[in-house]
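Residue numbers run from 1 in the order of the sequence given. Just so you know, these numbers use all the heavy atoms, side chains as well, and skip hydrogens, waters and symmetry mates. On a predicted model such as this, the values are computed, not experimentally measured, just so you know.
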Amino acid sequence: MDLNQIYTEIITENSRSTRNKRQLENPTAIIKGVNPSCGDEISLQIREKDGIIEDASFTGVGCAISQASASIMIDLIKGKKAEEALRLGEIFFSMIKDGLNDETVLEELEDAVAFQNISKLPARVKCAVLAWHTLKDAVSSEENCPEEAVSGHTAKA
Ligand SMILES: [Zn+2]
């Protein structure tokens, strides 16, 4: 079996899926992410409670890669701690930007590993990472005051 073909199928299927493309009830954060180089736009909606991502969804338009990446990311982060979701994001960035290919680490990304080959297509990198960058702004990375982090977006060093 050709792995590249499987990856392409995962991306195509998820780009057409409407499973995670909906409005969320009572979101705690709605963050817009834009990739002007391709015309991708997503609006990520997160409902976070006690540091856990209870539910997530997105709306938007864009290329298959950007839309599939958002949908797959949501499958992966739902029900997880915000910190855990951000940690998975770091693995995703390492895979795409630095060519991380350690299989035991990449296993954690589940279907998101389908974007592995994007690391060889510089023009599409921004499409693949858009959702994950938007997530960074949407969830609180600090345990203590999620509300402040959601409304303020002030990066504390
Ligand atoms: Zn794109």
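Taking each heavy atom of Ser69 and Ala128 in turn, the nearest pair found is OG-O, 2.7 Å. The heavy-atom pair separating Leu86 from Lys136 by the smallest distance is CD2-CA, 3.8 Å. For the pair Ala131 and Ala70, the tightest heavy-atom approach, listed with the atom from each and the gap, is CB-CA, 3.5 Å. For Trp132 against Leu88, the heavy-atom pair with the smallest separation is CZ3-C, 4.0 Å. Between Ile46 and Ala56, the closest heavy-atom pair is CD1-CB, 4.0 Å. In terms of heavy-atom proximity, Thr12 sits nearest to Thr8 at OG1-O, 2.7 Å.
Listed by first and then second residue, the salt bridge (Lys or Arg N to Asp or Glu O under 4.0 Å) pairs that reach into residues 56-65 come to none, sequence neighbours excluded. Among pairs with a residue in residues 6-33, those fulfilling salt bridge (Lys or Arg N to Asp or Glu O under 4.0 Å) read Arg19-Asp75, Arg22-Asp55, Lys32-Glu41, at least two apart in sequence or across chains. Applying the salt bridge (Lys or Arg N to Asp or Glu O under 4.0 Å) test to residues at least two apart or on different chains, none of the pairs has a partner in residues 56-69. Pairs passing the side chain to side chain donor-acceptor pair (under 3.5 Å) check and including a residue from residues 118-127, sequence neighbours excluded, do not occur.
Applying the side chain to side chain contact (heavy atoms under 4.5 Å, CB included) criterion to Ala68, with sequence neighbours excluded, gives Ile11, Asn14, Ser15, Phe115. Residues satisfying the side-chain hydrogen bond (donor to acceptor under 3.5 Å, both in side chains) criterion with Ser37, sequence neighbours excluded, are Asn35. Residues that satisfy the side chain to side chain contact (heavy atoms under 4.5 Å, CB included) test with Asn101, not counting sequence neighbours, are Gln116. In this structure, the side chain to side chain contact (heavy atoms under 4.5 Å, CB included) partners of Ile30, at least two apart in sequence or on a different chain, are Pro27, Ser43, Gln45. Checked against side-chain hydrogen bond (donor to acceptor under 3.5 Å, both in side chains), Thr134 has no partners two or more places apart in sequence or in another chain. In this structure, the salt bridge (charged side-chain N to carboxylate O under 4.0 Å, His left out) partners of Arg47, at least two apart in sequence or on a different chain, are Glu54.
Defined by atom type and a distance below 3.5 Å, a donor-acceptor pair is missing between the side-chain atoms of Ser57 and Asn20.
Within 6.0 Å of atom NZ in Lys78, more than 12 heavy atoms from other residues, nucleotides or ligands are found, so the atom counts as buried in its surroundings.
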Anything under 3.5 Å between a donor and an acceptor, one on a side chain of residues 103-113, the other on a protein residue two or more places apart or in another chain? List them.
unit_1 : atom_1 : unit_2 : atom_2 : d
Thr104 : OG1    : Asp102 : OD1    : 2.6
Glu108 : OE1    : Arg87  : NH2    : 2.6
Glu108 : OE2    : Arg87  : NH1    : 3.4

Contacts under 3.5 angstrom, residues 92-99 side chains, donor-acceptor by atom type, not counting sequence neighbours:
unit_1 : atom_1 : unit_2 : atom_2 : d
Ser94  : OG     : Glu90  : O      : 3.0
Lys97  : NZ     : His133 : NE2    : 3.4

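There is a path of hydrophobic side-chain contacts, each under 4.5 Å, that joins Ile118 to Leu100. When the side chains of ILVMFWY residues are joined at heavy-atom separations under 4.5 Å, either directly or via intervening members, Val125 and Leu135 end up in a single hydrophobic cluster.
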Criterion side chain to side chain contact (heavy atoms under 4.5 Å, CB included) on Ile53 and Val139, from CA distance to verdict: CA-CA 8 Å; Ile53 298 169; Val139 299; 3.8 Å; yes
Side chain to side chain contact (heavy atoms under 4.5 Å, CB included) evaluation trace for Ile52 with Lys80: CA-CA 6 Å; Ile52 308 268; Lys80 291 207 167 74; over 6 Å; no
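Residues Ile10 and Ile72 are in side-chain contact: their nearest non-hydrogen atoms beyond the backbone lie under 4.5 Å apart. In this structure, Met73 and Phe58 have side chains that are not in contact, with every pair of non-hydrogen atoms separated by 4.5 Å or more.
Between Leu130 and the options Leu44, Val34, Asp40, a side chain to side chain contact (heavy atoms under 4.5 Å, CB included) holds for only Asp40.
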